[in-house]
2 protein chains.
Amino acid sequence: MSMDQPANPGDNSARSIAPGRRPGKPATINDIARMAGVSKKTVSRVINRSQLVQQQTRERVEALIRDIGYVPDPMARALAFGKSFLVGLLYDSNAMQDIPLLQEGLVSGLRGSAFAAVLHGCDSRREDPISSIRQFIIQRRPHGVIFAPPLSDLPELGALAEELGCRHVRIQAEPVDASSSAMLTQDRSGAAEVADYLVSLGHRRIGFIAGPESLASARERSAGFLERLGLRGVQVADEHLVSADYGFDAALRGATRLLRDPSRPSAIFAASDEMAAAVLKAARTLGIDVPGEVSVVGFGDSAISRLLSPALTSVHSPLCEIAGQAVSMLIGGEADMDAVSSPRVVERESCRRL
Amino acid sequence: MSMDQPANPGDNSARSIAPGRRPGKPATINDIARMAGVSKKTVSRVINRSQLVQQQTRERVEALIRDIGYVPDPMARALAFGKSFLVGLLYDSNAMQDIPLLQEGLVSGLRGSAFAAVLHGCDSRREDPISSIRQFIIQRRPHGVIFAPPLSDLPELGALAEELGCRHVRIQAEPVDASSSAMLTQDRSGAAEVADYLVSLGHRRIGFIAGPESLASARERSAGFLERLGLRGVQVADEHLVSADYGFDAALRGATRLLRDPSRPSAIFAASDEMAAAVLKAARTLGIDVPGEVSVVGFGDSAISRLLSPALTSVHSPLCEIAGQAVSMLIGGEADMDAVSSPRVVERESCRRL
DNA sequence: CTGAAAGCGCTTACAG
DNA sequence: CTGAAAGCGCTTACAG
C-alpha cells in the first residue's frame with residue numbers, strides 16, 4: 001500500500017487516465033479508494049472533512065484526489081444525503097427588480113463551492129406561490145433557499161420551509177415573524193438617509209412618491225423617510241405626497257401632479273429608481289430643469305441610475321452583499337452581517353444645494 | 001422523454017398519507033408499484049412514457065400517481081440516468097446585458113417541466129471560461145446548457161460540449177462553426193431595420209456608434225446597418241462613425257464628438273441601449289434637443305428604453321423567445337424557429353421625421 | 001408487455 | 001481510526 005504513485009505529471013485533469021480506471025469516465029470514489037488502498041468509506045470521510053481519519057491517511061488520500069482531479073458526484077451525494085447540492089433563488093416573476101443584484105451575490109458567493117444556484121420563479125398571477133414553492137422544495141430538495149423580496153413578505157414561508165426541513169433565508173424589508181431566518185434590507189434607514197441628505201442640501205418643501213402600501217419595502221421606505229423628515233422639523237404637505245406601484249407609468253402621473261402644483265416641491269424623493277426616472281421625464285415634459293429647479297432622488301441605485309440624464313442620485317442598497325451573506329449562512333457556518341454595508345445615498349447629478 | 005409533473009389536485013400533495021407508506025416521507029416508486037400491484041419497472045415505464053405498457057396498466061398506474069401526488073425524485077433519476085434534470089444557463093459574469101431576458105425565457109420555458117434552471121457565471125477576467133465550463137458540465141451533468149452571448153462566441157464551446165456529451169445551444173449573433181447548435185439572434189437584420197427606419201424618416205446624414213469589433217453581435221450590427229444604408233444610397237461619413245464597448249462612458253465620449261461636429265448627423269444609431277442612453281446624455285449636455293434636433297435609436301429594447309427621457313426608440317431582439325425555443329430544443333423534441341419573431345424597431349419618442 | 005437482478009456513486013448505521 | 005453491508009430512488013440490461 002506504499003503508493004505506487006502513478007506518474008501523472010502535467011495533465012492531471014479529470015480526463016486523464018490512471019491505472020485501474022475506465023478510460024473516458026471520471027474517477028469515482030471507488031477508484032480513489034482502490035488506488036489509495038483504503039475503503040471507500042475512508043475516502044468518503046476525507047471528502048466530508050470527518051475528524052475520524054488518521055492524519056497520514058488523510059494526506060495520502062487528499063493528494064491522490066488532487067492528482068487525479070477527482071470530484072465527488074453531486075448527484076450521487078444528493079441521493080445519499082437526501083438533499084441536492086443546490087441553493088435556490090425563489091422569486092416572484094412579476095416583481096424582479098432586485099433579482100439581478102441578488103443573483104450576482106448568490107452566484108459569486110457560490111463560486112468555488114460544491115453548490116450551484118438554481119432558479120425558481122413563481123408567477124404569482126397564475127399560481128399559488130406557496131404550493132409552487134412547496135412543490136419545488138419537495139422535488140428538488142435544495143440544500144437551502146433564498147426568498148427574494150417581495151415574495152419574502154409572505155408570512156407562510158417560514159413555517160413552510162420549517163415543515164419541509166429546508167434551510168432558508170428571507171431577504172426582506174421588515175421582519176414578518178420572530179424567525180431568525182430574515183436578513184433585513186434596511187430600507188427604512190436608507191430612506192432616512194435621503195431625508196437627511198435633502199434637508200442638508202437646504203430643501204424644506206419636499207415631495208414624496210411612495211411605493212405601494214402592500215409591499216413591506218415600500219412601507220419601510222415611507223416610514224423611514226417621513227419620520228426622519230419629521231425629526232428634522234420638515235413635514236411633507238398632503239398635496240406633495242402621492243403613491244404609486246414602484247412602476248413608471250403611475251409614477252409619471254403622480255410626478256406630473258406634484259410638479260404642476262403652484263408651490264411645487266424643490267425636491268422629490270421617489271421610492272424606486274423606476275419612479276424617479278418618471279419624475280425626470282415629467283420634469284422634462286413640463287420644461288422644469290433637474291436639478292436646477294427640482295432635485296430628484298431615487299432608491300435602489302440600480303443600473304439605470306447612471307444611464308439617466310441627469311444621472312440619478314439614489315440610495316444604494318447592499319442587496320448583493322446581503323445575498324452573499326445569505327449564501328454563507330446557508331452553506332457555511334455563520335453570516336457576518338458586519339460585512340454588509342449600510343445603505344447610503346450615492347450622489348450623482350440630480351440634486352443641488354438650495 | 002420529458003415528463004409532465006402530475007398535477008396536484010385538491011390536497012393530494014406529497015404530504016398526504018396513503019396505506020403502505022411511511023408517513024412524512026414522499027411516496028417512492030416502490031410505494032406506487034406496491035399499491036398498483038406491479039413491479040417498479042412498470043411504474044418506471046409509465047413515468048418515462050414508454051410504449052411498452054398495456055393501456056389498462058398504464059391508466060391504473062397513472063391514476064395512482066395522480067392521486068398520491070407522487071413525483072419521481074430527480075436526484076435518483078439523475079444518478080441512474082447519469083445526468084441531472086437541470087438546464088444550465090452559462091454566461092460571462094462580466095457581460096450580463098442579455099441575461100435577464102434569456103433567463104426569463106428559460107425559466108418560463110421550464111415551468112411545468114421536470115427540469116430546473118441552474119446558473120453558471122464565469123468570471124472571464126479571473127478564470128479560463130473553457131475550463132470553468134468543463135468543470136461545471138462534468139460535475140453537474142446538466143441535461144443541457146445554453147451558452148449566452150458573448151460567451152457563446154468562444155469557438156471551442158461546440159467541441160467541448162460534444163466531447164462531454166452535453167446537449168447545448170449557443171445563442172449568438174453569427175455562426176462560429178457548422179454545428180447545428182446555434183440559434184441566431186439576427187442582430188444583422190435588426191440593425192438593417194434601423195437603417196430602413198431612419199432612411200424612411202428622411203434622414204441622410206446619419207451617425208453610428210458601433211460596438212466593439214471583438215464581439216460577434218457588434219460586428220453583425222455594424223454590417224447590417226452599414227450595408228442596408230448603402231443599399232439605400234446612404235453613406236456614413238467617417239467622422240460620424242465611432243466605436244465603443246457597448247458601455248456608457250466610452251459612448252458618451254463618442255456621442256459628444258459626433259454632436260459637436262459642425263455638420264452633425266440628424267440621426268444617430270447606437271448599437272446598444274446603454275450607448276444610446278449616453279447619446280441622450282451628450283445631447284442634453286450640449287443643449288441639443290432629442291428628437292427635435294437629432295434622432296436617436298438604440299438596440300436591445302431593454303428595460304431602460306422606456307425609462308429614458310425621451311423614451312428610446314430601440315430594436316427589439318427576440319431573446320426571450322429564443323431562449324424559450326432553446327429550452328424546447330434541449331428538453332423536448334424540436335424548436336420551432338417560426339415561433340420566434342423577427343427583430344423590429346420599437347418606436348418611442350427619440351426619433352422624428354425630417 | 002412485464003419483472004428480477006444489478007448498478008448509478010455516494011452515504012448512514014453498525015461493527016470492530 | 002477503519003471497513004463491510006445495506007440503502008438512497010431510480011434506471012439499464014437481460015430474460016421471459
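Lettering of chains follows the sequences in order, A, B, ..., and the numbering in each one begins at 1.
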Which nucleotide in the set D:dT2, D:dT11, C:dG9 lies at the smallest distance from any side-chain heavy atom of A:L52?
D:dT2
Rounded to whole Å, the CZ-P distance (A:R141 to D:dC10) equals 12 Å
Under 3.5 Å, side chain of A:R58 to main-chain N/O of A:S50, donor-acceptor pair present?
yes
If I take atom CZ in residue A:F85 and atom C1' in nucleotide D:dC8, what distance separates them, rounded to the nearest angstrom?
13 Å
Side-chain contact check for B:R77: nearest option of D:dT12, D:dC10, D:dC1 is D:dC10
Of the listed nucleotides D:dC10, D:dG9, D:dC1, the one nearest the side chain of A:Q54:
D:dC1
Can you tell which of C:dT2, D:dT2, D:dT11 lies closest to the side chain of B:T57?
C:dT2
If you count every heavy atom of other residues, nucleotides or ligands that lies below 6.0 Å from B:Q135 atom CD, does the total exceed 12?
no
In terms of side-chain heavy atoms of A:F81, which of D:dT11, C:dT11, D:dC1 is nearest?
C:dT11
So, does A:T42 get its side chain near the phosphate of D:dT2, meaning an N or O under 4.0 Å from OP1 or OP2?
no
Quick check on C:dT11: is either OP1 or OP2 less than 4.0 Å from any side-chain nitrogen or oxygen of A:S44?
yes
Closest to the A:T28 side chain, choosing from C:dT11, C:dG9, D:dT11
C:dG9
Is there a Watson-Crick or G-U wobble partner for D:dA13 with both distances under 3.5 Å, and if so, which one is it?
none
Heavy atoms from C-beta onward define the side chain here; which of C:dC10, D:dC10, C:dG9 lies closest to that of B:L79?
C:dG9
Could you state the NZ-P distance from B:K41 to D:dG16, rounded to the nearest angstrom?
18 Å
Can you figure out which of D:dG9, D:dT2, C:dT11 approaches the side chain of A:N48 most closely?
C:dT11
Please answer whether the main-chain N or O of A:P149 pairs with a side-chain N or O of A:Q172 as donor and acceptor at a distance below 3.5 Å.
no
Is the closest side-chain donor-acceptor distance between B:S84 and B:R140 under 3.5 Å?
no
Please report the shortest heavy-atom distance between B:A339 and B:Q325, naming the atom on each side.
CB-NE2, 3.7 Å
Of the listed nucleotides C:dC10, D:dG3, D:dT11, the one nearest the side chain of B:K40
D:dT11
Looking only at D:dC10, C:dT2, D:dC8, the nucleotide nearest the A:A80 side chain is D:dC8
Using the closest heavy atom to pick a nucleotide of DNA chain D for each, name whichever of B:R45 or B:D73 lands nearer the 5' end.
B:D73
From CG of A:N30 across to P of C:dA6 the rounded distance in Å is 17 Å
Between P of C:dC10 and CD of B:Q139, the distance in whole Å
11 Å
